[in-house]
Amino acid sequence: MERHTPALERHTSEDSRLMAVGISHATAPLDLLERLYETPRPLEDLAGDMAAAPGLGSSLVLSTCNRMEVYLEADPGTDPAPAVAGLIAGHTGVHADEIAPYAYVRSADDALRHLFQVAAGLDSVVLGEDQILGQVKEALDRSQRTGTASKTLNQAVQAALRAGKRARNETGLNEAGRSLATAGLAFFERLVGSLDGKTALVVGAGSFGGVVLAALRRSGLRTVHMANRTPDKAQRLAETAGGTGYPLEDIPRLLTEVDVVVSCTASTVPLVTRRHVADAMAARAGRELYLLDLSLPRNIEAGVAEVEGTVLVDLQRIAAEGGDDELSVASVESAHRIVDTEVAAFKAARRAARATPILAALRTSAAEATATELDRLSRRLDAMDSAAQEEVAHSVRRIVDKMLHQPTVRARRLAGAPDGDVYVDALRALFAPEAGALETGPRAAADAVTPPAATTTVTPAAAQEIMA
């Protein structure tokens, strides 16, 4: 992935370790996305290659029919984009030079916000579509199984999933039912009118086929048949909509009978060809045939659109012409506000976490000093009975705890503020200068999403506010 390519979006930050390198429907043509998606190699292989590559660190791979994105933590000062492009090319067989003009790279806060927007359905082909939330969850599960993503990266994805759920539950995104099936059928109906009373054929009886079947039933179709590699599975689903299940070999014949065809399989070759449709149209006595291809790679040959009497809609057409008429502006704005709130909360939590090892060091130091002094005092107060000595020890510990409580609470709150690095450095300078050795742990994890502060001069005001 060449750095000088003009079409390459750049959102870089030398201080940050979190990056997103990807290609999606927003930047790339459908045929290129098809080739990236149809690779037979499991995504675990790509995630493993990422983990083994020098300088890339942990990673999480999100692959859907509309995007291939890698979220990763790169070593400071490294540029992961060329290595990621090379690994994607090796995994998919698509040359890196073909990927580069359509790729985007986001860093730090921009990468974090992009992840949250993707999970919320705000960066989908169809705004607010439902499937992406499950796809992000699947990517998270895969990274946890393979151990390729760090604790911080996993936490970021979990926070993004929470934001996505909120966006659906608290705005009109969820009520709008913005799945690709729903959006595709709605676009269909705007083109050809109501589907009420018509007969449909769904090609594919997987989980997506079930979603399509439910959307078709809501559209008022009279009967929905299904075709699948496993006819028994197709039959079980079709029976719920008054239809029949068929093997894929029956598709050419069924094209002469039904009014609507919806394809939603993972097949890497077209299941409905131009020849199939042309032969069927000759037997349809002028009746139009409506075809909706929700698959990637496409299951219906593009040449079908050239056959007279057909209307073909695919994902690329939906993205280009579908619009978002049913989705209120208020719902979209509300979803964006939720994303903004959740991103800010996550960043604040990560900043606050940087104070934890320092506060732990402070409390450990205070406990050790208290124990030493109590031991010294007990040797000087031999005449005092054990009950009195224990009461003295208890009082001393309470005094120390009370003195530490307010600065600890205040330090956690201030560390979570946008300028929290100043207070963390002040806390370290005042109470735990030796805590720098802890930087490889919690602080390094926090820096995956929050750029480390530059060398900071601890101001008297910062130290005073912690102690106030």
Side-chain angles (χ1 to χ4, degrees), residues 29-31 34 65 125-126 179-205 208-209 211-228 234 237-238 241-265 267-323 325:
L30 185 61
D31 59 347
E34 287 178 332
C65 59
V125 171
V126 179
S179 67
L180 282 177
T182 302
L185 290 172
F187 181 46
F188 229 26
E189 290 181 301
R190 287 198 294 273
L191 288 177
V192 304
S194 173
L195 301 179
D196 188 41
K198 297 186 183 301
T199 300
L201 170 66
V202 176
V203 181
F208 194 19
V211 173
V212 170
L213 176 64
L216 285 168
R217 294 181 68 182
R218 290 193 298 269
S219 295
L221 274 85
R222 181 178 73 253
T223 305
V224 181
H225 302 299
M226 302 199 79
N228 194 57
L237 270 176
T244 305
Y246 297 94
L248 296 178
E249 292 75 19
D250 284 354
I251 289 177
R253 177 181 60 81
L254 292 168
L255 293 176
T256 67
E257 303 173 6
V258 300
D259 304 300
V260 178
V261 178
V262 183
S263 181
C264 52
T265 81
S267 173
T268 59
V269 297
L271 300 178
V272 179
T273 67
R274 189 181 192 281
R275 173 59 63 86
H276 290 156
V277 174
D279 290 346
M281 294 308 294
R284 289 179 64 89
R287 289 185 299 119
E288 286 190 314
L289 180 62
Y290 310 133
L291 302 104
L292 174 61
D293 192 350
L294 298 176
S295 304
L296 194 68
R298 284 172 285 202
N299 289 173
I300 302 177
E301 280 187 343
V304 165
E306 301 170 2
V307 178
E308 187 176 355
T310 65
V311 176
L312 173 61
V313 173
D314 60 16
L315 293 176
Q316 191 163 15
R317 187 170 179 184
I318 294 172
E321 306 174 30
D325 303 334

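We count residues from 1, following the sequence as given.
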Visitor: Checking Asn299 now: which residues fulfil side chain to side chain donor-acceptor pair (under 3.5 Å) with it, not counting sequence neighbours?
Guide: Ser263, Thr265, Ser295

Visitor: With sequence neighbours excluded, tell me which residues meet side chain to side chain donor-acceptor pair (under 3.5 Å) with Thr223.
Guide: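 By the side chain to side chain donor-acceptor pair (under 3.5 Å) rule, Thr223 matches no residue at all.
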
Visitor: Please give me the minimum heavy-atom distance between Ala200 and Leu216, naming the atom from each residue.
Guide: CB-CD1, 4.3 Å

Visitor: Going by heavy atoms in the side chains, are Leu291 and Val277 under 4.5 Å from each other?
Guide: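 With C-beta onward as the side chain, the pair touches.
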
Visitor: Could you list the donor-acceptor pairs under 3.5 angstrom formed by side chains in residues 301-312, with sequence neighbours left out?
Guide:
| unit_1 | atom_1 | unit_2 | atom_2 | d |
| --- | --- | --- | --- | --- |
| Glu301 | OE1 | Arg274 | N | 2.9 |
| Thr310 | OG1 | Val304 | O | 3.0 |
| Thr310 | OG1 | Val307 | O | 2.7 |

Visitor: List the atom of Ala205, the atom of Ala234, and the distance in Å for their closest heavy-atom pair.
Guide: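 Shortest heavy-atom contact: CB-CA, 4.0 Å.
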
Visitor: Do you know which two heavy atoms are closest between Arg217 and Ala241, and how far apart they sit?
Guide: CD-CB, 3.9 Å

Visitor: Taking Thr244's backbone N and O only, do any of them form a donor-acceptor pair with His225's side chain (distance below 3.5 Å, no angle check)?
Guide: yes

Visitor: Testing the basics here: between Cys264 and Gly209, what is the closest heavy-atom pair and its distance to 0.1 Å?
Guide: SG-CA, 3.6 Å

Visitor: To the closest 0.5 Å, what do you measure between CG (Asn228) and CG (Leu248)?
Guide: 6.0 Å

Visitor: Could you note down all residue pairs passing salt bridge (charged side-chain N to carboxylate O under 4.0 Å, His left out) where residues 290-300 supplies at least one of them, sequence neighbours left out?
Guide: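 Qualifying pairs: Glu34-Arg298, Arg298-Asp314.
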
Visitor: Side-chain polar contacts of residues 280-290 - donor-acceptor pairs under 3.5 angstrom, sequence neighbours left out - could you list them?
Guide:
| unit_1 | atom_1 | unit_2 | atom_2 | d |
| --- | --- | --- | --- | --- |
| Arg284 | NE | Arg287 | O | 3.1 |
| Arg284 | NH1 | Leu255 | O | 2.7 |
| Arg284 | NH1 | Val258 | O | 2.7 |
| Arg284 | NH2 | Val258 | O | 3.0 |
| Arg284 | NH2 | Glu288 | O | 2.9 |
| Arg287 | NH2 | Thr256 | O | 2.9 |
| Glu288 | OE1 | Tyr290 | OH | 3.1 |

Visitor: Could you list the residues that satisfy side-chain contact (heavy atoms from CB on, under 4.5 Å) with Ala238, not counting sequence neighbours?
Guide: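 With sequence neighbours excluded, Ala238 shows a side-chain contact (heavy atoms from CB on, under 4.5 Å) to Met226, given in chain and number order.
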
Visitor: State which residue, out of Val260, Val212, Val313, fulfils the side-chain contact (heavy atoms from CB on, under 4.5 Å) condition with Leu292.
Guide: Val313

